Amino acid sequence: MPPTDVAENPIRVLVAKVGLDGHDRGVKVVARALRDAGMEVIYTGLHRTPEQVIASAVQEDVDAIGVSLLSGAHMTLLPRLLELMRERGVEDKVLIAGGVMPDDDVVALKAMGVAEVLGQDTPPAIIVSTVERLVRERQATQAG
Amino acid sequence: MSATGAAIDLAPGVLAGDVGAIARMITRVERGALDGADQMAQLYRAGGLARVIGVTGPAGAGKSTLVAALGAEIRRRDLTLGIVAVDPTSPYSGGSVLGDRIRMQALGDDPEVFIRSMATRGALGGIARATADAVAVLDASGKDVVLVETVGVGQDEVDIAQASHSVVVVSAPGLGDDVQALKAGLLETADVHVVNKADRQGADRTVAELRSMLGFEAGEGWVAPVLPTCAESGQGVPDLADALDRHHDWLVASGGLRERQRSMARHRLKTLLTALVHQRLDRPVPGSAFEAAVEALCLRTTDPWTAAHSLLERELGGRPKGCS
Amino acid sequence: MSEIDPGAPLVGEPLRAEAEADLAAWEAEELAAFLARQPERKSEYLTKARRPVKRVYTPADLAGTKWEDVGLPGRYPYTRGPYPTMYRGRNWTMRQIAGFGQPSETNQRFRYLIEQGQTGLSVDFDMPTLMGFDSDDPRSLGEVGREGVAVDVLDDMRELFDGIDLEAISVSMTINPTAWILMAMYIAVAEERGYDLNRLSGTIQNDILKEYIAQKEWIYPIRPSLRIVRDTIVYAARHMARYNPINISGYHISEAGGNAIHEVAFTMANTVAYVEEVVKAGVDVDDFASRLSFFFVSQADFFEEVAKFRAVRRAYARIMKERFGARKPESMRLRFHAQTAAATLTRPQPMNNIVRTAFQALAAVLGGAQSLHTNGLDEAYSIPTEFAMKMALRTQQIIADETNVTNVVDPLGGSWYVESLTDEIEAEIMRVLAHVDSLGGTVSAIEQGYFQLEEADFAYGVAQRKASGEDVVIGVNKYVDPDDDQPVDVHQLDPESERRQVERLKAIKAERDQQRTARALKELEEVARAPGENMMPATINAVKAQASMGEIVNALRDVFGTYVERPFF
């Protein structure tokens, strides 16, 4: 029977690797954790541009975008992602970044619109609960 | 999306080909939200022009790569394209990892191509319950061709045949299965057989075996060709596209297209009706005829067979929703 | 002349029987009594690779091992080391990596280091260079010169080694999909300066197979990339007697989530593929095998790591002799560079990292590494500071000069535990290789995701165990300081530096003889289309004609295609 309640439908998350960096151990752990928590994970693969990521996010109509990127490139790539989200009219999607970043940058990024920044070694359970919380909060805001 | 009141009307956006509207509409049909149904009616009526091609076959045959290569060829022929890539939902967690998009990144950069990943969400076959609806949305949005890539397990061939005009079955040499073991269903269902990874050892033999097996099936009508391809390099893919064109032309000329559409419509209606009946029965309304029948059964004033047949007459005889 | 029968078991029957009997008695008496008062902390004890270990080892555990399998250092099967004297003759090379910005800046750093007495240079490249993009490519924006040096054209290579005697200084370049191009540039510069190619010593990492399963730097599909590596090995075998054209790596496999066994077993699987490829091209194994070199991690499980190094040396020797028919000792003797495990470094309580690194470095030394890079304490969150780099170097120096572990070759040889573990790991390596063979070989196994799935599975387990605290990480899930917070410092791009590099590149492209470049690229394309041909001469010719790395890479995309990953979860 088709579920009619939004809450019964799986959360859809785009898990993205942006830039030339090839470290995907972390994103694979995240993808599995989200899947094991009942979410649908669309993985973009490696070496994506911000344009490719947002185009995918639009077509897949995901609830959240999780971006993993190499330290140092975050202050160029994340603002660009936010800019593209605004251009494509999908700034309502939750943007979460993963990686090692200076605290000042984290503060700045959150002010720009990044919903959360999760560091290395964040336990899988916390990643799952963070995504769930942020997506449900966003959905509640939109329904109200 | 509002859970209670009127939902945004996405139909105009879909009909205009707006990517955001298409995406959100597909989400609606996936969620089975009832307020999407009205707009689906409008979209369904606007469709019927897209060619729907299903691609199925066992894991490891290279379906995703082939779909990407076929998609590129379709684009070279100046047709617009939609792709629905289906992957299995984990029966344990209800979640899934959908990775087919990665093989299609080059197509993903093309603004005339819309790619959507879907999980089966408990559907037993190779496609999701909502796949046909997603195809209908893409159809209504004006796509010339919609490719559906299935999971490749279970009752796959039945599902995909009921949802598409042409079915491509992809196999590859050395997958461990003998061609003899190729499921009988797959053999018959295919409108075109593809032996992918044709540069590998054993490919020629696989092609030959398939051809000889299909030779026995030949009657009049369409004979499914067996085509070797190398999806990674693109070799053989133009021939595949040509074969699909020929199949389409044959369907049109022979009246087979009409038959196909009728069969698809029948299947669609049956599936939806079954789902609706299940939904009704899962949420029995107090005071309804169903509840009265249950009472009567307990009192032994009726029997299950009489009660069921009587209810069926009543339910199927009910006024359909949304018709004007 | 040995009087010992070469086939003799390490432990004779009388000793084995007595040890076994003693163990049984001890378990029934002293142990049982003690356990009754104080049970053990865990129900089972595992190595980091999740292999169970015994409470105590005795000679009985080695009853199945032959003395000849352990043997002596510098002698087949090299379990105890590639050379007879090891560190008594010469310490391992203390080789710390560096590299940044423009070639001229890196050149200055190199000259400084040489003045300080360093005899080996190690070059790190920026991400665009690693991935095959020129500095002026849109994909390179924000990355040029940021994490390493940018190299686009031959001029950059000239500048990088300006004033440096390449015959005296060994140069290591950590580069993979574009390794062959940079090697061509290096050769071109050497030829220009009139050096004898046979006197150049150094290495390129150039291990493309591990990229598909671990580091994920790639351009072309697997088979053409394997062909390119073949060409570099064959070229070096014929023209560069002292050069190591490949550094077959396990480090990245470990960092990608593989355990100790995955690391060495998968490295050996890649090795088999490379050797097969070169032998297929008609080169005798003894003509190139001596120049194969290796790169492993030195991880946290002390004894497992020591045993791992010994096991892979023995496995490699056997593979080269039995599978490939090598006859020269140098062809069977595995030499490796080690790096301590970056994955174990933490941001909280960073000083702990000095201690971690010290133990990992000690394991590498007791395991017989030929060169070693020790990580800086702040590498998990910062560009290494001078203090961190100095501590890392001092760590090695203290081991070398104060601990006396270098007095004796393979001091852990003969330990019942270490030899047992060595035997086990070697057996696992051979089991994995047999499985890879059954999958159709390494390339086929990569396509089927065998290695990737093993790594992803193990990585997931590690993440779960870290989260639950089952895998202890001090400062992170045990003995946590609530107020501990290290400021994160990252490599900043120097936009000025990036701009300069881009302008230089544009100028060079504009001023060169376009026809000559176009012709050279065309020739290279033609050679590339013929799988039996060696691409190195045409590549050297192309770089001399001022073709840029990106132009070469793009020209060959039409020939080879581009690799698209199939990720495995």
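What you see is a predicted model; the values in this text were computed from it and never measured. Residue numbering restarts at 1 for every chain, and letters A, B, ... go by the order of the sequence lines. Keep in mind that the numbers below use all heavy atoms, side chains included, and drop hydrogens, waters and symmetry copies.
- Contact of the Arg12(A) side chain with the Leu98(B) side chain is registered, since non-hydrogen atoms from C-beta on lie closer than 4.5 Å.
- One side chain, Asp109(B) or Gln52(A), offers a donor N or O that lies under 3.5 Å from an acceptor on the other.
- Contacts between Val113(B) and chain A at a heavy-atom distance below 4.5 Å involve the backbone alone (N, CA, C, O).
- Only the side chain of Arg101(B) comes within contact range of chain A, judged by heavy atoms closer than 4.5 Å.
- In this structure, OG1 on Thr89(B) lies 5.5 Å from CD on Glu40(A), to the nearest 0.5 angstrom.
- At most 12 heavy atoms of other shown residues, nucleotides or ligands fall within 6.0 angstrom of atom CZ in Arg266(B).
- Taking each heavy atom of Asp36(A) and Ser93(B) in turn, the nearest pair found is O-CB, 3.3 Å.
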Between Glu60(A) and Ile26(B), is a side-chain contact (heavy atoms from CB on, under 4.5 Å) present by the stated rule, with each step listed? CA-CA 9 Å; Glu60(A) 299 290 350; Ile26(B) 293 177; over 6 Å; no
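- Contact of Ile22(B) with chain A is not made at all, since no heavy-atom distance falls under 4.5 Å.
- The main-chain N or O of Ile115(B) is found under 3.5 Å from a side-chain atom of Gln59(A) such that the two form a donor-acceptor pair.
- Counting only heavy atoms from C-beta outward, the side chains of Lys28(A) and Val97(B) never approach each other to under 4.5 Å.
- For chain B, the nearby part of Asp63(A) is the side chain; its heavy atoms alone come within less than 4.5 Å.
- Under the 4.0 Å criterion applied to side-chain N and carboxylate O atoms, Arg88(A) and Asp18(B) are not assigned as salt-bridge partners.
- Annotation: His267(B), atom NE2; neighbour count of heavy atoms from other residues, nucleotides and ligands within 6.0 Å is above 12.
- Atom CD of Gln105(B) has more than 12 neighbouring heavy atoms from other residues, nucleotides or ligands inside a 6.0 Å radius.
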Determine, step by step, whether Asp61(A) and Met25(B) satisfy the side-chain contact (heavy atoms from CB on, under 4.5 Å) criterion, reporting the C-alpha distance in whole Å, the side-chain angles of both residues, the deciding distance to 0.1 Å, and the verdict. CA-CA 9 Å; Asp61(A) 197 21; Met25(B) 193 67 216; over 6 Å; no
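- Between Ser96(B) and Arg35(A), the shortest heavy-atom contact is N-CG, 3.4 Å.
- In this structure, the portion of Thr44(A) lying under 4.5 Å from any heavy atom of chain B is its backbone and not its side chain.
- Atoms CD1 and CG, from Ile42(A) and Asp100(B) in turn, are 11.0 Å apart once rounded to the nearest 0.5 Å.
- When the candidates Gly94(B), Pro111(B), Ala130(B) are compared by the number of heavy-atom contacts under 4.5 Å with chain A, Gly94(B) comes out ahead.
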